[in-house]
Amino acid sequence: MFRFKCTACDEWHDGMPGFGVDAPLFFHAISSEERAGRCVLDSNTCVIDAEYFFVRGCLEIPVRGEKEPFIRGNWVSLSKQRFDEFMSCFHLPKRAHVGPFFGWLSAELPLYPSTENLKTRVHLRDDDVRPYVELEPTDHPLAVEQRNGITVDRVAEIYAHYVHGKV
């Protein structure tokens, strides 16, 4: 079982942590009063003004020496055409053969330089597994971590930020 020592509270925690956001960045830029008339948000998709289309996926980062990845639930914007293609097969049990879908990351992740609008490819997976978000292989630290993996200490640092608000 995966275990790590938190850098903030100095306690040991069991299990791989994971974090996610409930909506794309653009959704949060719209006042709460306007959202009902402009946004359609569910656990997997978000459409804003019938013009901006987002899907939710898992940005998985390997943890060196571990079988289970560190997962961040994030949103990706797709063009209308790609969103329609995505939706046409999203509810099928076997769908991994469709795509991938080019998009832009709609998340600003702490502990990194700006992550908004990093180029991505969204890969559907079979059997209702949430789609996989692959970052374009650039020198951005998040993309490097997705390619090369992170240490258990890095997992503890990210956990400390999200849970305790510090590094």
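Side chains included, hydrogens not; waters and symmetry mates left out as well; all remaining heavy atoms used.
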Enquirer: Which pair of heavy atoms, one from Arg130 and one from Ser43, lies closest together, and at what distance?
Expert: NH2-O, 3.1 Å
Enquirer: From Gln81 CD over to Phe101 CZ, what is the distance, rounded to the nearest 0.5 angstrom?
Expert: 10.5 Å
Enquirer: Is the cationic atom of Arg82 (NZ for Lys, CZ for Arg) positioned less than 6.0 Å from the six-membered ring centroid of Phe53 and within 45 degrees of its normal?
Expert: no
Enquirer: Measure the OG1-CG distance between Thr7 and Asp153 for me, rounded to the nearest 0.5 Å.
Expert: 9.0 Å
Enquirer: Which heavy atom in Cys39 sits nearest to a heavy atom in Ile30, and how many Å separate them?
Expert: SG-CD1, 3.7 Å
Enquirer: In the structure I gave you, are the side-chain heavy atoms of Thr120 and Val133 within less than 4.5 Å of one another anywhere?
Expert: yes
Enquirer: Can you tell me how far CG of Asp84 sits from CE of Met87, rounded to the nearest 0.5 angstrom?
Expert: 9.0 Å
Enquirer: According to a hydrophobic-cluster definition based on side-chain heavy atoms being under 4.5 Å apart (Ile, Leu, Val, Met, Phe, Trp, Tyr only), do Leu105 and Tyr162 belong together?
Expert: yes
Enquirer: Write down the atom of Leu124, the atom of Cys89, and the distance for their closest heavy-atom approach.
Expert: CD1-SG, 3.4 Å
Enquirer: For Ser88 and Glu85, does a side-chain donor sit closer than 3.5 Å to a side-chain acceptor?
Expert: no
Enquirer: Using side-chain contact (heavy atoms from CB on, under 4.5 Å) as the criterion, list what pairs up with Asp42, not counting sequence neighbours.
Expert: Asn44, Thr45
Enquirer: Will you find, in the side chains of Ser114 and Glu108, an N or O donor that is under 3.5 Å from an N or O acceptor?
Expert: yes
Enquirer: Please answer: with hydrophobic residues joined when any side-chain heavy atoms are less than 4.5 Å apart, are Val122 and Leu118 in the same cluster?
Expert: yes
Enquirer: So do Phe54 and Val76 actually touch side chain to side chain, heavy atoms under 4.5 Å?
Expert: no
Enquirer: Do Arg35's NZ or CZ and the ring of Phe27 fall within the cation-pi criteria of under 6.0 Å and 45°?
Expert: yes
Enquirer: Taking the inter-plane angle between the rings of Tyr159 and His13 on a 0 to 90° scale, is it parallel (under 30°), tilted (30 to 60°) or perpendicular (over 60°)?
Expert: tilted
Enquirer: Taking the side chain as everything from C-beta on, heavy atoms only, tell me whether Val55 gets closer than 4.5 Å to Phe83.
Expert: yes
Enquirer: Going by an N to O cut-off under 4.0 Å, is there a salt bridge joining Lys94 and Asp127?
Expert: yes
Enquirer: Examine distances only and state if a side-chain atom of Thr115 and a backbone atom of Leu109 form a donor-acceptor pair shorter than 3.5 Å.
Expert: yes
Enquirer: Does the cation-pi check pass for Arg72 over Tyr132, that is, NZ or CZ under 6.0 Å from the six-membered ring centre and within 45° of its axis?
Expert: no
Enquirer: Dump the intermediate steps for side-chain contact (heavy atoms from CB on, under 4.5 Å) on Val155 and Phe2, then the final yes or no.
Expert: CA-CA 11 Å; Val155 172; Phe2 182 78; 4.1 Å; yes
Enquirer: Please work out whether the ring planes of Phe102 and Trp104 are parallel, tilted or perpendicular, with thresholds of 30° and 60°.
Expert: perpendicular
Enquirer: Check whether Asp126 reaches the backbone of Ala96 with its side chain - one donor and one acceptor, N or O, closer than 3.5 Å.
Expert: yes
Enquirer: Is the shortest side-chain heavy-atom distance between Gln146 and Leu59 below 4.5 Å?
Expert: yes
Enquirer: Decide yes or no for Asp10 and Lys5: does some side-chain heavy atom of the first lie under 4.5 Å from some side-chain heavy atom of the second?
Expert: yes
Enquirer: Return the minimal non-hydrogen interatomic distance between Cys46 and Trp75, and the atom names on each side.
Expert: N-CZ3, 3.7 Å
Enquirer: Could you walk me through whether His164 and Cys6 pass side-chain contact (heavy atoms from CB on, under 4.5 Å), step by step?
Expert: CA-CA 10 Å; His164 301 292; Cys6 180; 3.4 Å; yes
Enquirer: Side-chain contact, heavy-atom cut-off 4.5 Å: Arg147 with Pro137?
Expert: yes
Enquirer: Of all the heavy-atom pairs spanning His140 and Pro113, show the shortest one and how long it is.
Expert: NE2-O, 3.3 Å
Enquirer: Look up atom CG in Asn117 and atom OG in Ser77, then write down how far apart they are to the nearest 0.5 Å.
Expert: 6.5 Å
Enquirer: If hydrophobic clusters are built from ILVMFWY residues whose side chains come within less than 4.5 Å, do Phe19 and Ile150 share one?
Expert: yes
Enquirer: Please list all pairs meeting side-chain hydrogen bond (donor to acceptor under 3.5 Å, both in side chains) that have one or both residues in residues 47-58, counting only residues at least two apart or in different chains.
Expert: Arg38-Asp49
Enquirer: Considering only heavy atoms from C-beta outward, does the side chain of Pro69 approach that of Ile61 to under 4.5 Å?
Expert: no
Enquirer: Look at the side-chain heavy atoms of Ile, Leu, Val, Met, Phe, Trp and Tyr, link any pair under 4.5 Å apart, and say whether Leu142 and Val152 land in one connected group.
Expert: yes
Enquirer: To the nearest 0.5 Å, how far apart are CD in Glu134 and CD in Glu60?
Expert: 11.5 Å
Enquirer: Please test Arg154 against Leu111 for side-chain contact (heavy atoms from CB on, under 4.5 Å), starting from the C-alpha separation and ending with a verdict.
Expert: CA-CA 11 Å; Arg154 178 69 170 149; Leu111 306 175; 4.1 Å; yes
Enquirer: Do you know the tightest heavy-atom contact between Thr138 and Val144?
Expert: O-CG2, 3.8 Å
Enquirer: Looking at side-chain heavy atoms only, is the closest gap between Val63 and Met16 below 4.5 Å?
Expert: yes
Enquirer: Spell out, yes or no, whether Val47 and Leu41 are grouped together once hydrophobic residues are joined by side-chain heavy atoms under 4.5 Å, including indirect joins.
Expert: no
